[in-house]
Each structure stands twice: as structure tokens, then as C-alpha cells.
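Positions are given from 1 along the sequence. For the numbers below, each heavy atom of this structure counts, side chains included, while hydrogens, waters and symmetry mates do not.
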Amino acid sequence: MIPDLSPDRIDRLRDAFQSAGYDADGVVELLGPEAHAALGRGEPVPALRATTDAGALGTLVRLFLLGQAESPAAVEAALAPLPLSEATAAGLLVDDGDGLRAGLDVRPHGVNDESWWVVSDLDSDLRGGRPVEADHVLGVGHASLSLVRATSRRPVGSVLDLGTGCGVQALHASTHAQRITATDVSKRALALAEATFRLNRIDAELSEGEWFDPVRGRKFDQVVCNPPFVVGPPRTDFTYRDSGLAGDDASALVVRQLPGFLAESGTGQLLASWLHRDGEDWQDRVSRWLPPGAGVDAWFVQRDVADPALYVGTWLRDAGYDLRSPQGLQKAAEWLDWFEVNEVIGIGFGFVTLRRTDARGEVVCEDLRHAFDDPLGPESDQWLRRVDWLRAHDSAEALLTARLVTADSTVLEAVSEPGDEGWHPLVHRLHRTDGPGWQHEIDELGVRLLAGCRGALPLGELLELLAIGYGEDSEELTRAAIPMVRELVRHGMLLPAEWAGGEQ
């Protein structure tokens, strides 16, 4: 059943939230840092204690964030001017004996100076451990937040949020886009997204349909997508995660088709999963999703690789299945059988950045499973900028005339071992202290070269001086240095002198 979240009901709900102070800052202030952190860990008791005798805000927190049944009188006071009968008819409330519970998840979502409300379905925990419904609309989860952090926020004219769900990506797009289009195959998702947008006074075009069908023939400056990327047998148990396509075909479909909906120099960013199969390199697999000469720059970033058994258990628990129940046992067995038949030894997960270009596209796959804190969104902009610069300096001659500087965020680690004549160097390793925290091992001549990269001399002259100083053949040294320099530029450890200070 589609909730009847009419504009009038949503407007009154907004008034109630504003009156009670039910927003991101208000909730944190009420709970305090310790109880708020405990709630984030799934521990409700500190929050329950903090909301005792806290008036309308306390009632709303217990109702929508803690899943508690509240008295009709308390709920009526907290939701005024929205009558209980209207809230119940809209699906916001359900009867629970003598009390009322939330029928939908409506919670504040804040980032930086922005504070929004997001309308979604209750997760399995707030449903008393019962599995979610097939048309379940996911709320603000780890996956959606990771995509938020991996998305560029440069100002653009138009954004397409493909598979919007409850509308999280579109909310964040409102901070940098003039026009927003949001699509989904699920009528329920579109109804909840429309309520989310109305609550937050965001103007967005909504359209129903599969994949890119609702926007055929249109172009966008940016496309963001959190697709149903769960890999496995071709079925659709849950709309929010299952595509009905086998294996990683859903991710492949989006990567393959998305560039056709980008305006010139437009970018797309999405979450994706890919199979690791016995005897197959994952980088070769995802690179084949884009045909050679497609006119697309692509950056595939692998953030995790899951064991098949762990993967299946995680997603079944996410949907609320008891793994020891007959239904849980059956679904796990079917899933693992499919992996075994298809020689799947792992499931990769990560981010994809795409850009439409008139030039020959650059496709790069990188394994970034180490821990780092900086978001990838700003880095993706700079990564594309560095791709442009390297493309403009594609020949050795052009690169050798460039003046480069070692980025301020690049530091050198030296590892040595003791010997008869003192410490003997073993390894020199470059670290980038921001962004994805890349590391590169480098030899002694490379260390000397980077020390000289201060923007005063062209790269070619630096290499000639280095060759003379260390008795090396200049041509051989240059041939060895060029690929290293390109990789360090790609990773933001060496920068064009004219950018000095601009990427820090």
C-alpha cells in the first residue's frame, strides 16, 4: 500500500517538527554526545533516559528514532497541528494496543550546516526483528552515506538521481545543483521521496520507470546512483537491493549506459559491486564494462572485498532473516550454490567515477582498501583534473618541458637496517597525507628528483642534472622516470607548478 502523504499533511508535519525542535541539532542537544553515540551503536537505553520528561521533542525521538509506543495524548501534542487521524491515515502512525507507534521512519539528517528530514520505511530492528517487505524503502544507511562522501559537489546545472529511494542523494544534490530529477522503479519509493522533498522545501522532478527509461533522450551535468548492486542469483526479493539481473550485471548496466546521459564533460558517480572469479582479474572484468574508445574517463575504486559466506549472511541479516530459520537456511544455500557454480571467490565493492569526454577515455582501476578519512568526492574532481593535465602532456617531450612541484601533502618515509658501517637504507616510501593516502616506494634517485621538483626547472633539465651528478645515462634515467612521474602526478603527489597551493 502506498502511504497517503499529501502535501497538506506533510506541511503540517513540518510545522510540528519545527515547533518541537526535531532536527539534527535539536536531537544531538537533547541526547547529549554520549547517548547520541550510543544510539548510533544501536544501544537505546541512554537515549530513553535522556528523553524522559523532554516534552514534544522527547516524544518524537522515542517515537521515530527509538521505535517506542507512546500515549495518544503525548503523540497528539507532539504532532500538532497534524491531527492523529490524519497522521494515521497517512501511514505515519500505527495502533499498538493503548499506544501509538511510528508506521514510517522519519528522522533528521544533518551534514555540515544542512539539516533535513528523511522519510523511509522502518528497518528490521524497529519492526521487532520481522523481515522487511519486498517494496521496502531503505533509509539513510552506510552505503548511501558513503556515496554522499564520494560524490563531487562542484556547482552544476542539472543532476539525475537514478534510483532515488527515499531521496538522500537528491537532498545532498540540492546544495550544488540548480535542477534535480529523481527516478525510481518503485511507486512506494517515489511516494516517500516526494514526502522527503516536500518536508525540506526542495523542488525536484520525480519520474517512475526502470533504469534510464524515464529520461531517455536527456542529458545531465551529473548523475548519481545507488543502484540495487547486491550480486547473486537473478531474483528480486527486495526492490531496494535486488535488480533481477544475475551477478554484477546491474552495476555493469549502469556503468555502460550512464555516459550516454551525460552532457559534455558531465560526471557520474555510483556505488557498484563486481565479482571476483577464480582465474579472473577484477580490474579486467570491470574495464570491459566500457568498450574501448568509448570517450569516457573512468575511475574504479575498490574499497572492500567480501568472502561469499560473509556476504550472504550480512545481506540476509540486513533484511531481517533469522539465519537458523528454514527460510534463512534455504535462501543462504541457494545463494551460496550460485556463487559456487559461477566460481565466485569474492565480491568487490566500491565507487565508480565516470566523465564524458571527446578525447580517448582513461580507465583506471585502483585497490584502496586501506583506511582513510578524507571523502573521495573532492578527490574525484582533482583526479579528473590531473587526468586532463596528463592527457595534455601525453608525449614524453611535453612532460619533460613541464615544471613540477612536490605536493605539500607528500612526505617521505625511510626504512633502514643496521650494518657494519652504520644504517643501510632498505626502502624509501612516499606517503600522501590527505585524500586516499596513496603510498609509493621510490629509489634513491627518485628521492633526489622529488627534492628538486620545486617548480624552478623543467623536468627534463632536472633529470639531466641528476644523471650527471650520479653518473647515470641520461636517456635511460629519463625512460625510467617518466612512468613514475606520471603515476605520482595521477595520485596528486607531484603537481604542475602553476597549480602550486591550488590542490591543498
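- Within the 4.5 Å cutoff, the side chain of Asp121 has heavy atoms near those of the Arg188 side chain.
- Under the 4.0 Å criterion applied to side-chain N and carboxylate O atoms, Arg107 and Asp105 are assigned as salt-bridge partners.
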Practice task
Go through the steps to decide whether Leu79 and Leu60 satisfy the test side chain to side chain contact (heavy atoms under 4.5 Å, CB included), and finish with yes or no.
Solution key: CA-CA 8 Å; Leu79 290 184; Leu60 293 173; 3.8 Å; yes

Exercise for the section: Apply side chain to side chain contact (heavy atoms under 4.5 Å, CB included) to the pair Thr183 and Glu205, showing each step before the final yes or no. Expected result: CA-CA 8 Å; Thr183 68; Glu205 173 194 10; over 6 Å; no

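- Residues His276 and Glu343 have side chains not in contact (no heavy-atom distance under 4.5 Å, counting atoms from C-beta outward).
- Ionic pairing of Glu379 and Arg149 is not present here: no N-O contact between side-chain nitrogen and carboxylate oxygen is shorter than 4.0 angstrom.
- Side-chain contact between Phe64 and Phe17 is present, with heavy atoms from C-beta onward closer than 4.5 Å.
- Here Asp95 contributes atom CG and Thr88 contributes atom OG1; the two are 6.0 Å apart, rounded to the nearest 0.5 Å.
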Problem - Step-by-step side chain to side chain donor-acceptor pair (under 3.5 Å) determination, Asp184 to Thr164 - result: CA-CA 6 Å; Asp184 208 289; Thr164 190; over 6 Å; no

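- Side chains of Val411 and Leu430 form no contact here, defined as non-hydrogen atoms less than 4.5 Å apart.
- Under the 30°/60° scheme for interplanar angles, the aromatic rings of His491 and Trp438 are found to lie parallel.
- Between the side chain of Arg14 and the main chain of Leu199, a donor-acceptor pair closer than 3.5 Å is present.
- Using a 4.5 Å heavy-atom threshold, the side chains of Arg356 and Glu264 count as touching.
- For Val156, the side chain to side chain contact (heavy atoms under 4.5 Å, CB included) test picks out Arg154, Val159, His176, Ala177, Asp221, Gln222, with sequence neighbours left out.
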Practice task
Please report the C-alpha distance between Gln269 and Ser380 in whole Å, then the side-chain angles of each, then the deciding distance to 0.1 Å, and finally whether the side chain to side chain donor-acceptor pair (under 3.5 Å) criterion is met.
Solution key: CA-CA 9 Å; Gln269 283 158 319; Ser380 68; 2.8 Å; yes

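- Judged as a side-chain hydrogen bond (donor to acceptor under 3.5 Å, both in side chains), not a single pair has a partner in residues 16-28 (not counting sequence neighbours).
- Note on Glu334 versus Lys331: no salt bridge recorded, every NZ/NE/NH1/NH2 to OD/OE distance being 4.0 Å or above.
- Taking a cutoff of 4.0 Å between a charged side-chain nitrogen and a carboxylate oxygen, Asp304 and Arg369 do not qualify as a salt bridge.
- Taking SG of Cys225 as the start and CD of Gln257 as the end, the distance is 11.0 Å to the nearest 0.5 Å.
- Taking Arg179 as the reference, Ser158 meet the side chain to side chain contact (heavy atoms under 4.5 Å, CB included) condition, with sequence neighbours excluded.
- In this structure, Arg277 CZ and Asp248 CG are separated by 9.0 Å, a value rounded to the nearest 0.5 Å.
- Interatomic distance, Leu206 CG to Ile180 CD1, rounded to the nearest 0.5 Å: 10.0 Å.
- For Ala272, the side chain to side chain contact (heavy atoms under 4.5 Å, CB included) partners two or more places apart in sequence, or in a different chain, are Ser251, Leu270, Trp274, Val352.
- Ring pair Phe261/Phe212 is parallel by interplanar angle, where below 30° counts as parallel and above 60° as perpendicular.
- Between the side chains of Ser325 and Asp322, no donor-acceptor pair is found at a separation under 3.5 Å.
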Practice task
With side chain to side chain contact (heavy atoms under 4.5 Å, CB included) as the test, would you mind laying out the steps for Leu5 and Leu104 before giving the verdict?
Solution key: CA-CA 11 Å; Leu5 297 165; Leu104 292 171; 4.2 Å; yes

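- Within the structure, every pair that satisfies the salt bridge (Lys or Arg N to Asp or Glu O under 4.0 Å) test and touches residues 290-302, not counting sequence neighbours, is listed here: Asp297-Arg355, Asp297-Arg391.
- With hydrogens and angles disregarded, a donor-acceptor distance shorter than 3.5 Å links the side chain of Lys219 to the backbone of Gly260.
- By the side chain to side chain donor-acceptor pair (under 3.5 Å) test, Trp117 pairs with no residue at all, sequence neighbours left out.
- Between Asp388 and Arg386 there is no salt bridge, since none of the side-chain N atoms of the basic residue sits less than 4.0 Å from a carboxylate O of the acidic one.
- A donor-acceptor contact under 3.5 angstrom links the side chains of Trp299 and Glu366, judged on distance only.
- Here the side chain of His136 pairs no donor or acceptor atom with the backbone of Ser120 at under 3.5 angstrom.
- Counting heavy atoms from C-beta on, the side chains of Asn342 and Leu275 never come closer than 4.5 Å.
- With values rounded to the nearest 0.5 angstrom, Glu70 atom CD is found 10.5 Å from Asp96 atom CG.
- To the nearest 0.5 Å, atom CD1 of residue Ile202 and atom OG of residue Ser174 are 3.5 Å apart.
- Taking the charged nitrogens against the carboxylate oxygens, Arg303 and Asp367 have no contact shorter than 4.0 Å, which rules out a salt bridge.
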